[in-house]
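The next block holds one structure in the form of structure tokens; read it before the comments.
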Amino acid sequence: MKEASNQFNWINVVINNAGILRDGLLASNEAGWIKKLPTAQWKQVLDVNLTGPYLVTREVVADVLTKGVKQSVVVNISSISHDGNPGQSNYSASKAGLDACTRTWALELAKHGVRVGAVAPGVVDTPMLKHISEAAMKSLVEGIPVGRIGTPEEIWLAVRFVIECDFFTGRVIEADGGASF
């Protein structure tokens, strides 16, 4: 029996799904004290949410091109916060940047058989929500036209579409129950 590492010669699907939140206002006045979003907090979010996908995609695509893989796809996981959300300038900037990379990479790589798409989930039942108060959750749900948060399985359906539809590239699918921030 072959070792697992020898069974596959290339990667043909990449899903860039790493993401962190480190929310904070750009600047605020709290009881006479000016509080600023720390640069380290800004950089940490951009490093994980934007630089991470850039590095992974760059290395995988270079390997795909080297090996002459005929078809492959990159799926970036964005967020509906890509249009901006108070207290999330770092997160919103990272996701908007990822959307711009999605379009740019799709234009650059289509001639090589590499498609690039993104999915921008809304509020989804994941461990990120475990730290949200009941009142905040109620408010979030009230802002979702379908009246509930999404499930990971529903986001998978959007990701699956990007992977399986050979005519899809360079776009972002918003899977958010109709919500917007």
*Where the side chain of Asn90 meets the backbone of Arg22, is there a donor-acceptor pair that is under 3.5 Å apart?*
yes

*Which heavy atom in Ala158 sits nearest to a heavy atom in Ile173, and how many Å separate them?*
O-CD1, 4.1 Å

_For a side chain to side chain contact (heavy atoms under 4.5 Å, CB included) check, start with the C-alpha distance between Asn85 and Asp23, then their side-chain angles and the critical distance, and finish with the verdict._
CA-CA 10 Å; Asn85 192 36; Asp23 294 349; over 6 Å; no

_Measuring from atom CG of Leu140 to atom CD1 of Ile132, what distance do you get when rounded to the nearest 0.5 angstrom?_
5.5 Å

*Search all heavy atoms of Met137 against all heavy atoms of Ile149 and return the closest pair with its distance.*
SD-CG2, 4.1 Å

*asked:* With a 4.5 Å cut-off on side-chain heavy-atom distances among I, L, V, M, F, W and Y, is there a chain of contacts connecting Val60 to Val114?
replied: yes

*Donor-acceptor contact present, side-chain Ser72 to main-chain Val13, <3.5 Å*: no

*In Å, rounded to the nearest 0.5 Å, how long is the span from CG of Asn49 to OG of Ser78?*
9.5 Å

_Contact summary for Glu108 and His112, nearest pair of heavy atoms_ = O-CD2, 4.0 Å

_Quick check on the hydrophobic clustering: are Leu50 and Trp105 connected, directly or via other members, by side-chain heavy-atom contacts under 4.5 Å?_
no

*Which residue, Asp99, Asp47, Val45, forms the side chain to side chain contact (heavy atoms under 4.5 Å, CB included) with Ser94?*
Val45

_For Glu134, I'd like to know if atom CD has over 12 heavy atoms of other residues, nucleotides or ligands within 6.0 Å._
no

_Reported CG-to-OH distance for the pair Leu46 and Tyr54, which is rounded to 0.5 angstrom_ = 14.0 Å

*Taking atom CD1 of Ile20 and atom OH of Tyr91, what is their separation to the nearest 0.5 Å?*
10.0 Å

*With side chain to side chain contact (heavy atoms under 4.5 Å, CB included) as the test, would you mind laying out the steps for Trp156 and Ile163 before giving the verdict?*
CA-CA 10 Å; Trp156 162 244; Ile163 293 168; 4.2 Å; yes

*Are Leu65 and Leu107 in one and the same hydrophobic cluster, where Ile, Leu, Val, Met, Phe, Trp and Tyr link if side-chain heavy atoms are under 4.5 Å apart?*
no

*Do you reckon Leu129 sits in the same ILVMFWY cluster as Ile144, going by side-chain contacts under 4.5 Å, direct or chained?*
yes

*Would you say Arg58 has more than 12 foreign heavy atoms packed within less than 6.0 Å of its CZ?*
yes

*Side-chain heavy atoms under 4.5 angstrom apart, residues restricted to Ile, Leu, Val, Met, Phe, Trp, Tyr: same cluster for Val75 and Val48?*
no

*What's the shortest heavy-atom distance between Pro145 and Gly177, and which atoms?*
CD-O, 3.2 Å

*Where is the tightest heavy-atom contact between Gln88 and Leu21, given as atom of each residue plus distance?*
NE2-CD2, 3.4 Å

*Would you say the side-chain atoms of Arg115 pair up with the backbone N or O of Val162, donor to acceptor, closer than 3.5 Å?*
yes

_When you measure from the side chain of Ser92 to the backbone of Ser81, do you find a donor-acceptor pair of N or O atoms at a distance under 3.5 Å?_
yes

*asked:* So if I apply the side chain to side chain contact (heavy atoms under 4.5 Å, CB included) rule between Val119 and each of Leu157, Asp176, Ile155, which one comes out positive?
replied: Ile155

*Side-chain donor or acceptor of Lys95 paired with backbone N/O of Asp83 under 3.5 Å*: no

*side chain to side chain contact (heavy atoms under 4.5 Å, CB included) assessment of Ser79 paired with Leu98*: CA-CA 10 Å; Ser79 169; Leu98 192 58; over 6 Å; no

*Might you point out which heavy atoms bring His82 and Ala120 nearest each other, and give the distance in Å?*
CE1-CB, 3.9 Å

*Run the numbers on Val14 and Val61 for side chain to side chain contact (heavy atoms under 4.5 Å, CB included), then give the verdict.*
CA-CA 9 Å; Val14 172; Val61 168; over 6 Å; no

*Look only at the side chain of Glu154 and the backbone of Thr151, and say whether a donor-acceptor pair between them is shorter than 3.5 Å.*
yes

_Just verifying a value: how many Å separate Lys67 NZ and Ile11 CD1, rounded to the nearest 0.5 Å?_
8.0 Å

